[in-house]
Amino acid sequence: NRIENLEFEVKELQNSLYCAIEEKKSSQEELQASNEELRASNEELQSSNEELHAISLEHEEKIRELISVNNDFKNLLISTDLALVFLDQNLRIRKFTPVAEKLLRLSSQDIDRSFTSIRSELIDIDSLESNARQTLEHGYPFECEMKRGDGRTFLFRMLPYRDESYVIKGIVLTYTDTTNLRNAESAFLESEIRFQAAMDAVNDAIWSYDVKSGFFDFSDRWMKIVNRDCRCKKLSFEDFVDFIYLDDREAFKEQFQKIFEGSFVIEHDFRILANGPQDWKWVFSRGRVIEFDESGLPLKVLGTISDVSYRKQLDIERQQKQTMLSLLCDGIGLGFWRYEPCNDRVIVDKVTKNMIDLDSEEYSLKPLFRLCYRQDRRMITQKMGGILRGNSDSAVVEFRVSRNEEAFWLRLSAIVSEHDDHGRARIIIGFVEDINNRKKAERELLEYSQEITRQKETLEELIENMPIAV
């Protein structure tokens, strides 16, 4: 029995050991499966960690971009130097620019505060609330001009603030200082009024020429000059040329063509047709290019037209009188000359030409001035300079010129025959007289007088030295 009991216990132990081994194998398999699951989970966690790290990097990059955009936005608001205020849908302040802070006296404590509670000369509460509803509900912008107590003006604008879905989420208020603009507009308007008054006073018409369209535009004064209706206010180049006297057309075209050849400024006088086929008027036109294209070619020309018929008639009469005067001077031996300071042109007649031994009848002033004796130039400058400066209207001067290497005396008289709009001499005329023989006679008379004086002094000296008896 004992042996049987031992054998039975051994079998029980073997069975228990076998079960333990089986359980251990099963546990190891379970542990191995769990380990594989843990390894798979670890790989998944690692993959998730890498994904989270990548997402974190993306978020950091977006945060940096957001910070950069926010900084750019802040710097943009500061650099624009505009007064901006951002409000939410309840008209509470979200943010504002430094200019708005100074203009409306805001502070950081006003964030989330209702804008209607801010007290300022530039805030109209009633108008703000009514117009804000229209802007929030319908997106209608609103603007008006406000004036501060110190006289400065501001343009107030109210615009809808929209998100990325174009949904209105608030309002943007802007204040733009328009004081300088209004002052400039007032100055421009005043200048325009003065300019128009000046143009009316001088009876000049204004014209402009558009190179692309080839059309002239004229002011109302043009209608009075040509005595035509308003249909003549806009003319093509060809139609305008038809207004010009036939003999003057080619000269006008040549002058006008200079605009496109680099001159950019034209001045020309010509005749135009007024009322009837025989009614011609003299006009003087000035023009200047005021607009160029990218290549530097003219785009627009602006100018004036003046009725100079009366002045032309006076010029014709003056020319006739000067011709008669020149003939008269030729008969009595006086030389006649004419000087135009604006053109620096001296015109002499044949008597003056032969008297001074000149090669031409037209000179500038400087070559003629060099013919004078150096000792006499200062006196000539003083006399003639007084006329040119407007200090006097006439002058007489005697001077010497070199002729055949000898001094030749002349007497020059000058008088202003026409003044310009500024009162300066426009045309100076005068005579030249040969006084060489007179100067020679004066010199001989002086020498004879001096000789008589010497002889008289000698005789008086002899009488004083004679003996008393004699």
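Residues passing the salt bridge (charged side-chain N to carboxylate O under 4.0 Å, His left out) test with Lys281 are Asp307, sequence neighbours excluded. Under the side-chain contact (heavy atoms from CB on, under 4.5 Å) criterion, Arg288 pairs with Val265, sequence neighbours left out. In this structure His419 satisfies the ring pair (Phe, Tyr, Trp, His ring centres under 6.0 Å) test with no other residue, sequence neighbours excluded. Checked against salt bridge (charged side-chain N to carboxylate O under 4.0 Å, His left out), Asp72 has no partners two or more places apart in sequence or in another chain. Residues that satisfy the side chain to side chain donor-acceptor pair (under 3.5 Å) test with Glu164, not counting sequence neighbours, are absent from this structure. Here Leu365 pairs with Tyr339, Asp344, Val346 under the side-chain contact (heavy atoms from CB on, under 4.5 Å) rule; sequence neighbours left out. With sequence neighbours excluded, no residue forms a side chain to side chain donor-acceptor pair (under 3.5 Å) with Arg311. By the salt bridge (charged side-chain N to carboxylate O under 4.0 Å, His left out) test, Glu185 pairs with Arg182, sequence neighbours left out. Not counting sequence neighbours, the partners of Asp177 by the side chain to side chain donor-acceptor pair (under 3.5 Å) test are Arg152, Thr179. By the ring pair (Phe, Tyr, Trp, His ring centres under 6.0 Å) test, Phe408 pairs with no residue at all, sequence neighbours left out.
Within the structure, the salt bridge (Lys or Arg N to Asp or Glu O under 4.0 Å) test picks out the following pairs touching residues 367-382 (sequence neighbours left out): Asp376-Arg400. Residue pairs meeting the ring-ring contact (aromatic ring centres under 6.0 Å, His included) criterion with at least one member in residues 289-311, sequence neighbours excluded, are Phe264-Phe292.
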